[in-house]
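Just the heavy atoms: all of them, side chains too, but no hydrogens, waters or symmetry mates, feed the values below. Naming convention: chains lettered A, B, ... in sequence-line order (proteins, then strands); numbering from 1 in each chain.
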2 protein chains.
Amino acid sequence: MSVEDKRVKRLPREVREKQILDAAVRVFSEHGYHEASMDEVSEVAGVSKPMIYAYLGSKEDLFAACIRREAGLLMEAIAGGVDPDLAPDMQLWMGLRSFFEFVASNKQSWRVLHRQVISQGGPFSEEVLAMRTRAINLVDALLSRVATKKGMDDHAQKSTEAMSAALVGAGESLADWWLDHPAVPTRTVASWLMNLAWMGFGDMVEGNVWTPSAH
Amino acid sequence: MSVEDKRVKRLPREVREKQILDAAVRVFSEHGYHEASMDEVSEVAGVSKPMIYAYLGSKEDLFAACIRREAGLLMEAIAGGVDPDLAPDMQLWMGLRSFFEFVASNKQSWRVLHRQVISQGGPFSEEVLAMRTRAINLVDALLSRVATKKGMDDHAQKSTEAMSAALVGAGESLADWWLDHPAVPTRTVASWLMNLAWMGFGDMVEGNVWTPSAH
DNA sequence: CCTCTTACCTACTCGTGAGTAAGAATACGG
DNA sequence: CCGTATTCTTACTCACGAGTAGGTAAGAGG
């Protein structure tokens, strides 16, 4: 009569898929794509291996599904934290804060996403690179808007894309550094990068710092 | 009688080791550690598999040897291009130029090094992380020197390590971007990053740019 | 010409892990 | 109470790739 024996049995597909994805994110984030085994995923998920293949397809498919879900969450978090009517520097500021907040509360998601960004090879690299490109374009839209308004010359205009790539890379790297120094508050990390991006290091040592209040 | 049949035979160990390492760098840079097979390395090297094991040890050993060699080259190139008696901003500038020059003329080396920076898991991650940490410390030494001289407060002092991590990440990311945009000259890429680091984006749009002449 | 070392190869073993076949158990509609 | 669709498992197959056993041949030194 008791429904709770040892394993909860015969749950609807939706629920199982979520459990599997959660387990996959965890396992992939711990070992990376190649070192992770489907057997471990199935064990962590509390479900036998054929279920995974039935519901989510091959290992690559499963990984792609993880990336898509987590990338969606990250992008959503950032987009939701930014008001597109604000001035560009404020938008950048809000975006950075949202990003670091996401990383702080979703370390595993971040690891899965960032870990495989570089190591190409698999067909899933498209998936991952796509989301990185989206991030760069997002920043580029901001920067080039500023550049145009301020009337930078053509040569400098071209540089905004490269700058965006650099900024995104700086953000990723800083996020990684932060994982090893969790004592630093979110706001502080975000402001460091904001200042580096907007004022540069040279200005900072002169005491010129960007603050959200003085828009 | 002819000594040149098809394969050059019976070369001394030194030469073979170099051939193998060259092949390994190429194969690892193309596929990444896991997707690369020892069979392919042996094929590219023009040497049978047991030779690799006899000379360089296991797959991990071989990979570690690659990393060590290429990281050594990179660090040497940077150290050789920087005069430690110059002002910090000039040192940073020279370092950046040397770095991008190295990437331009050693794309494969760069790929091997950078590809695996993130994806932890293997025991070789120590090897790779070590060289990244060295790079960050190098930059940090510069930045904190500036910060101390200029008398930044304690809070800001602490930030130099994080800043260095961000800068290194920006450099890596920009180098990757550059691989897809080879038309841009080395000097230009270096100056973009230099300006971002020293002046920030906000200053650049105002027309304030750092140039090597006005030290 | 004999011996010892070093360079070198063919042809294997064998663990591991992705993917599957075949069917058991449970709900549910008629 | 009977078919039928869905959930779920045990117990396999099978390819691939790291690592090796065992042996050949070529030069060096006597």
Engineer: Measure NE2/H34(B) against P/dC16(D) and give the value in whole Å, please.
Structural biologist: 19 Å
Engineer: Would you mind checking if R26(A) and D22(A) are paired as a salt bridge, meaning a charged N to carboxylate O distance below 4.0 Å?
Structural biologist: no
Engineer: Taking the minimum atom-to-atom distance to the side chain of R16(A), which one of dA7(C), dC8(C), dC8(D) wins?
Structural biologist: dC8(D)
Engineer: Distance check needed: dT7(D) C1' versus E17(A) CD, whole Å only.
Structural biologist: 13 Å
Engineer: Using 4.0 Å as the upper bound for N to carboxylate O, is an ion pair formed by K18(B) and E14(B)?
Structural biologist: no
Engineer: Which nucleotide in the list dG17(D), dT7(D), dC8(C) gets nearest to the side chain of L11(B)?
Structural biologist: dC8(C)
Engineer: Which whole-number value in Å describes the distance from E35(B) CD to dG17(C) P?
Structural biologist: 15 Å
Engineer: Output the rounded distance in Å from CG (L56(A)) to P (dA18(C)).
Structural biologist: 15 Å
Engineer: Figure out the CD/P separation between E43(B) and dG17(D), and round it to whole Å.
Structural biologist: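 It works out to 12 Å between those atoms.
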Engineer: Please tell me which of the listed nucleotides, dC8(C), dA18(D), dG17(C), lies nearest to the side chain of Y53(B)?
Structural biologist: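 Of all the options, the side chain of Y53(B) is nearest to dA18(D).
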Engineer: Does S164(A) use its side chain to pair, donor to acceptor, with the backbone of T160(A) at less than 3.5 Å?
Structural biologist: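 Flag set: sc S164(A) to bb T160(A) pair under 3.5 Å.
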Engineer: For the residue pair W110(A) and F99(A), is the inter-centroid distance of their aromatic rings smaller than 6.0 Å?
Structural biologist: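 Ring centres of F99(A) and W110(A) closer than 6.0 Å.
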Engineer: Between the side chain of Q108(B) and the main-chain N/O of S29(B), is any donor-acceptor distance below 3.5 Å?
Structural biologist: no
Engineer: Please evaluate residues E40(B) and H31(B) with respect to the criterion side-chain contact (heavy atoms from CB on, under 4.5 Å), reporting the C-alpha separation (whole Å), side-chain torsions for both, the decisive distance (0.1 Å), and the verdict.
Structural biologist: CA-CA 11 Å; E40(B) 187 178 350; H31(B) 306 302; 3.2 Å; yes
Engineer: By nearest heavy atom, map K49(B) and A36(A) onto DNA chain C; which one lands nearer the 5' end?
Structural biologist: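 This one resolves to K49(B).
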Engineer: Round to a whole Å and report the spacing from CE of M51(B) to C1' of dA25(D).
Structural biologist: 13 Å
Engineer: Rounded to whole Å, how long is the line connecting atom CG of D61(A) with atom C1' of dT20(C)?
Structural biologist: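 In whole Å, dT20(C) C1' lies 16 Å from D61(A) CG.
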Engineer: Using whole Å, what does the distance between atom C1' of nucleotide dT13(D) and atom CE of M38(A) come to?
Structural biologist: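 Rounded to the whole Å, the gap is 17 Å.
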Engineer: Indicate for each nucleotide in nucleotides 21-30 of chain C, in 5' to 3' sequence, whether protein heavy atoms under 4.0 Å reach the base (B), only the sugar-phosphate (S), or nothing (-).
Structural biologist: B---BB----
Engineer: Looking only at N and O atoms, is any donor in the side chain of K59(A) or the base of dG17(C) less than 3.5 Å from an acceptor on the other one?
Structural biologist: no
Engineer: Walk me through whether W93(B) and W210(B) qualify under ring pair (Phe, Tyr, Trp, His ring centres under 6.0 Å).
Structural biologist: CA-CA 10 Å; W93(B) 168 242; W210(B) 181 95; 5.5 Å; yes
